[in-house]
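Working notes, structure below.
Counting starts at 1 for both ligands and their atoms, following the listed order. Sequential numbering from 1 along the given sequence is applied to the chain's residues.
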Amino acid sequence: MSANWQPNAGISTHKHKNRSFRIQGINKTGRATARTNRSFCSHADLADNVPQIPQNTYNPLEGPQTGANALFLSLTLAACGGSDGESRLDNFEPPIDTETPSGEEEDGEETDTQIQMGSGSGSSFTPGEIATDVQSGASLSAGGSTNLYLTLVDDSGDLVNQTVFVTFNSSCLSTGGARLVGLPEDSDQALSTTGSVSVTYQATGCVGEDKVVAEASTEEGAEINSAEVTLNVAQDTLDQIQFVDATPTSIGIRGMGAEVTSSEVRFRVVGANGSPMREIPVTFALSKNAPAGTSLASDSATSNAEGYVTARVRSGSGAGIVNVMATANNVSTLSRQLVITTTIPTQRHSSLSTTNFQPVAWRTDGIETTMTIRLGDQNNNHIPAGTAVYFTASAGVIEGECLTAENSSCSVTWTSQGQRPLGAGGVTLQENTPYVTCPDGNECRAGRVYVLATTEGNESFIDINSNGVFDPDTDLFATEGNCSPSVPVSYIPPAPIDEACDDLGPTYLDTNFNGIKDNDEIVRDPKERNNLYNGILCRSEDDAAGVCSRDPITIRKSTMLVMASPYSYNSIPGLPSSVELSLGETALYNLLIADENGNGMPAGTQIEINEDLVENVTFTLSSDTIGASTEPTRISLQLKADDTEPASGAFFFSLIYEGSESTFGPIDITSP
Ligand SMILES: [Ca+2]
Ligand SMILES: [Ca+2]
Ligand SMILES: [Ca+2]
């Protein structure tokens, strides 16, 4: 039997018809005992083997003892098995399955015991009552704890050493306004093997009276009375209202087909002890700068059992940041996170970039570069994923379209092939400013590709009064700016507004980069400027009055790719054809290095000087590597003659990019 003993069983009752025996763990004096109609292990034996422990009746300061006692019992029984070579437990025979002679019955031990639950024991036992640490008539402080004590006694008022499961229920426990501490892990019930139970009740937001009812059961299904106590939890002192979250954090303006136009903004009311407070009335208000038309579904609510209180914000016609002020008992908190977006990209907040604006593609097909468009709305917020952006390039091929991802951006690939852009031609380079000149003052160089990205969107404005909508007489919208409306420069403070053009004109490929729509240039959207703000943040009534327009417009971003050549321009402005140096003389030359079309040489182009034939001259370059630039690079070259021996010979000047070499020289060096 000892070998089969299950420690977790703790105490067990074995029944055989009318006879039962019980193995009793620990009595009130803290000593283990066993009671059956046969003795198997003497009181003295156990006492020798076990330490004295406190009474297993509850100790309010130390909490429940049940777990410790169960473990203690199993140790005790093992010790009882003994090291004397003769296990007395082995001698113990389970009751045989026969009718027990009535003469062997002893003082009711063998009959079913009527278990009662209550508080105390012996003569002080009170059935049906849960004892607590809270003084009679006193309240449990908000967030405070008390132990709940229960005893399970037999007819004699003695604690029953039988496995009894006890569950506790109350309205506060069921709603989370209170919780029990000290239950076994993953269990919602307390376990008694010693006749006493204690758990800790903690108020976590509940206020007022809470009747806690305990129900007990045994494995055998014995009927046991319930017990109860009513706790009175004091109201906490409101300490703060915490902003919790906004769900979702971004909603669209109303009337634009946005899927979500309202958001739940959550706060939590917390008491001075850090516990949530329930049933606290909270009022809500929108911050003064809330976008036009924004509203609250309700301007008050009451905190729930977990202290949460929720305001529902509904968007209006304006876009921007929304804050909700939650107030209770003169304590206020402002929400964060929630923005109302137009869901429509604007000209100013969009940009086009490339991984390489200078692909070495003038003489090579299949050279790729990635173009990335990034969109944003009037308030720099993301726009919904899946917005289509269209691409066109004046040379090479480019993927026609991409759909924006969650981050409002998407990319396409440009690839070199086909007809190269020849430009108007006639470029001249010189060592001094202007380094590059074209015949009519406009760009004339070959190799320059115009890449255009377009999508439907809104014009931009400066929302002076921060109400999230366009106010024709108040907000700033540049209509007469001194810039090309096709390649607009929106007004962004502190830039001068007369150099901005928020009002957009036709969208076209400005192939000659002059900022003007020429007759031979491809037009994507011919709509001319209307001197009005075009966008969804124009109020309907203002649209009707003709002071702004809700008609969308094509927004556009462009960039230039330069198809660089690994070969140099046919001359290097500033490079001398011959040099005369006196003893110790220094000569400094500023060189302008460009590719064969007058554009920048490829990044990484190496400069080499062959001085094998030179005597008594020291060469110094300001740099021997060309950096990335679409424009020619300026490099200084210094020659210094020896102080005593005359300079002589000739040198070569080379530009090398990945095996392609352009060499100038020989450049003679003489001394007078
Ligand atoms: Ca405004
Ligand atoms: Ca316009
Ligand atoms: Ca043009």
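Annotation for Glu480 and Asn531: closest pair OE2-OD1, 3.5 Å, computed over non-hydrogen atoms. The heavy-atom pair separating Pro566 from Tyr657 by the smallest distance is CB-CD2, 3.7 Å.
Among the atoms of Val469, an N, O or S atom is found under 3.0 Å from the Ca ion (ligand 1). Here Asn467 reaches the Ca ion (ligand 1): one of its N/O/S atoms is less than 3.0 Å from the metal. Residue Ile516 counts as close to the Ca ion (ligand 3), with an N, O or S atom under 3.0 Å. Distance check for Ser466 against the Ca ion (ligand 1): none of its N/O/S atoms falls below 3.0 Å.
Vertex the Ca ion (ligand 3); arms to Asn514 OD1 and Asn512 OD1; angle rounded to 10 degrees, 80°. In this structure, OD1 of Asp510 and OE2 of Glu521 enclose an angle of 90° at the Ca ion (ligand 3), rounded to 10°. An angle of 120° is found at the Ca ion (ligand 1) between Asn465 atom OD1 and Asp475 atom OD2, rounded to 10°.
The closest side-chain heavy-atom distance from Asp377 to Ile344 is not below 4.5 Å.
Of all protein N/O/S atoms, those under 3.0 Å from the Ca ion (ligand 2) are Glu459 OE1, Glu459 OE2, Asp503 OD1, Asn530 OD1, Leu532 O, Asn534 OD1, and waters are not counted.
There is a side-chain donor-acceptor pair under 3.5 Å between Ser332 and Thr327. For the residue pair Thr663/Glu661, the side-chain donor-acceptor check at 3.5 Å is satisfied.
Atom CZ of Phe243 sits about 8.0 Å away from atom CG of Leu338, to the nearest 0.5 Å. In this structure, Leu452 CG and Arg556 CZ are separated by 8.0 Å, a value rounded to the nearest 0.5 Å. How far OG of Ser565 is from CG of Asp595: 5.0 Å, rounded to the nearest 0.5 Å.
A salt bridge is absent between Glu459 and Arg529; no separation between the charged side-chain nitrogens and carboxylate oxygens falls under 4.0 Å.
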